[in-house]
Q: 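Starting off with a structure, shown below.
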There are 2 protein chains.
Amino acid sequence: MRSKEAATFTQAARREQMIQATIETVAEVGFHKASLARIAERMGIAKGGIIYHFSSRDELIRAALQEVFDRLTRHMLEQVERAVSLREAVWIYVVTLVGYLDAHRDEVRLISEGFAATQNAESAEEQVQTRWSGLADILDQAVAETGRPGVDTKVLAITVSGGIDALVGEALRDPGFDLRAAGERLAEMVDHLIEPEGEFPDE
Amino acid sequence: MRSKEAATFTQAARREQMIQATIETVAEVGFHKASLARIAERMGIAKGGIIYHFSSRDELIRAALQEVFDRLTRHMLEQVERAVSLREAVWIYVVTLVGYLDAHRDEVRLISEGFAATQNAESAEEQVQTRWSGLADILDQAVAETGRPGVDTKVLAITVSGGIDALVGEALRDPGFDLRAAGERLAEMVDHLIEPEGEFPDE
DNA sequence: GTCTATATTTCGATAGAC
DNA sequence: GTCTATCGAAATATAGAC
């Protein structure tokens, strides 16, 4: 019992290390260049050692994706629930997401390239939906509140989500690009699209 | 002279066939799964046959990217120059781009995944810039014309470009998604962001 | 239980057949 | 001039060492 718990604990810790090594390797060399050999090399072991903990590379990638997705979701929920209005929730959503991606650039390539690779391949339809459906939900309520029903919230949610990816990609490419400022400009635009009239929120 | 021209012609035709096979293979299995073997198999030859016409896989990919990029650019220029105002040019740009991607879904994955792969790798800074800088130019002029200088045209151009990618991705995933309609909704939103007051264009 | 060493497949690219 | 047959590197996954 005691030893079993300890074994499970160390095993979980080892898996976590390997997931972290995967995130870092993908950030460094890109998704499809992040082979088991490179990830194992970063840990100072042979590639078979990873296969022991994860039965295949696909499963390792899936686990790493799940991890970064959970981290991001947790952070987003924490921040968005602080909003005092739905309109503000939209604003916070955009700024928080951009801010998170700006602060955790290691995870960015895994999120974008990894999602793209898995969504085209097999399952992951859940995650893909989830990608923008959270924003769509908030937008739906916010639009109902502000009373501008002319906006297609699904199209706006997809566009903003993809737009944020593109902004982050630009930031990775051009170190001089101010990503957080871009996020605020984008939030302003979205707000303008769903606002009742012409005024901006309290900032 | 005669025979040399003929040889050059058949060679160019063969290259065109191979580029087309590359586009189709990428559309089918994705960018990083589109190996020389798969592309050659589609043509009924061995992979070395491709290497004869293109000295490496990279060069084949580059040629295919150039081809789809040229096709797209040609079509965009033809349509956008029909606009009678800059504001309408923005509208046409968005609707035309979405419409083209809707009508040429084979080329979509090569455009998105291929661009992403090459831009992260090496040169191609030109193409990346070009991706949204065309829209940024039009937006700049349109905003100057309509007199709403509060909009950050660079951020808007990047966001809209990435947003269109995301809409196309959604359409590939969900066959029931009306991509052209989504493009028009997006065009409306962009127009609303750059419009002087509240009216819409003539449609 | 954990990892190293090895087997197998698949990649892009060279060399040679026709 | 055009392609097939083959090579060496690198990928993942298995089998065996400790």
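All values derive from a computational prediction rather than experimental measurement. Within every chain, numbering begins at 1; the chains are lettered A, B, ... in the order of the sequence lines, protein sequences first and strands thereafter.
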Q: With A:Glu67 as reference, evaluate A:Ile19, A:Thr22, A:Leu72 under the side chain to side chain contact (heavy atoms under 4.5 Å, CB included) test and give the passing residue.
A: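 For A:Glu67, the side chain to side chain contact (heavy atoms under 4.5 Å, CB included) check succeeds only for A:Ile19.
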Q: Scan for side chain to side chain donor-acceptor pair (under 3.5 Å) pairs involving residues 72-82 of chain A, sequence neighbours excluded, and state none if there are none.
A: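 Every candidate side chain to side chain donor-acceptor pair (under 3.5 Å) pair involving residues 72-82 of chain A fails, so no pair, neighbours aside, qualifies.
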Q: What pairs with A:Glu16 under side chain to side chain donor-acceptor pair (under 3.5 Å), at least two apart in sequence or on another chain?
A: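 Checked A:Glu16 against side chain to side chain donor-acceptor pair (under 3.5 Å); zero matches.
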Q: Once you apply a heavy-atom cut-off of 4.0 Å, does B:Ser55 come out as touching a base, just sugar-phosphate, or nothing?
A: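 Result for B:Ser55 = nothing.
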Q: Among residues 13-43 of chain A, which contact DNA chain C at a heavy-atom distance under 4.0 Å?
A: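 Output list: A:Arg14.
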Q: Given atom CD of B:Glu59 and atom C1' of C:dA13, what is their separation to the nearest angstrom?
A: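 So the CD-C1' distance, B:Glu59 to C:dA13, works out to 13 Å.
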Q: Quick one: A:Arg57 CZ to C:dT9 C1', roughly how many Å, whole number?
A: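 My rounded result for the distance is 16 Å.
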Q: Mind checking what makes side chain to side chain donor-acceptor pair (under 3.5 Å) contact with A:Ser85, not counting sequence neighbours?
A: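 Side chain to side chain donor-acceptor pair (under 3.5 Å) check on A:Ser85 returns nothing, list empty.
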Q: Do any side-chain atoms of residues 26-50 of chain B form donor-acceptor pairs under 3.5 angstrom with protein atoms, and if so which ones, sequence neighbours left out?
A:
| residue | atom | partner | partner atom | Å |
| --- | --- | --- | --- | --- |
| B:Glu28 | OE1 | B:Arg42 | NH2 | 2.3 |
| B:Ser35 | OG | B:Arg38 | N | 3.4 |
| B:Arg42 | NE | B:Thr25 | OG1 | 3.2 |
| B:Arg42 | NH1 | B:Glu24 | OE1 | 2.9 |

Q: For nucleotides 4-9 of chain D, print each protein N/O atom paired with a nucleotide N/O atom at under 3.5 Å, atom names and distance only.
A:
| residue | atom | partner | partner atom | Å |
| --- | --- | --- | --- | --- |
| D:dT4 | OP2 | B:Ala46 | N | 2.6 |

Q: Could I get the full list of salt bridge (charged side-chain N to carboxylate O under 4.0 Å, His left out) partners for A:Arg57, not counting sequence neighbours?
A: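 Listed in chain order: nothing, the list is empty.
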Q: Please name all residues satisfying side chain to side chain contact (heavy atoms under 4.5 Å, CB included) with B:Val68, sequence neighbours left out, ordered by chain then number.
A: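 For B:Val68 the side chain to side chain contact (heavy atoms under 4.5 Å, CB included) partners, ignoring immediate neighbours, are B:Ile23, B:Glu107, B:Leu110, B:Ile111.
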Q: Rounded to the nearest Å, what distance is computed from the CD1 atom of residue B:Ile61 to the P atom of nucleotide C:dC11?
A: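 Spelled out: CD1 on B:Ile61 to P on C:dC11 is 13 Å.
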Q: Consider the side chain of A:His53, meaning its heavy atoms from C-beta on, and name the nucleotide among C:dG12, D:dA13, C:dT2 that approaches it most closely.
A: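 Nearest listed nucleotide: C:dT2.
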Q: Please output the side-chain donor-acceptor pairs of residues 150-160 of chain B that fall under 3.5 Å, not counting sequence neighbours, one pair per line with the distance.
A:
| residue | atom | partner | partner atom | Å |
| --- | --- | --- | --- | --- |
| B:Asp152 | OD1 | B:Lys154 | N | 3.2 |
| B:Asp152 | OD1 | B:Val155 | N | 3.1 |
| B:Thr153 | OG1 | B:Asp140 | OD1 | 2.5 |
| B:Thr159 | OG1 | B:Val155 | O | 2.7 |

Q: Round to a whole Å and report the spacing from CZ of A:Arg62 to P of D:dT12.
A: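 Interatomic distance, CZ of A:Arg62 to P of D:dT12: 14 Å.
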Q: Look at A:Tyr52 and C:dC3 and indicate whether a side-chain polar atom (N or O) is within less than 4.0 Å of OP1 or OP2.
A: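 Answer no for this pair, as no side-chain N or O of A:Tyr52 is under 4.0 Å from OP1 or OP2.
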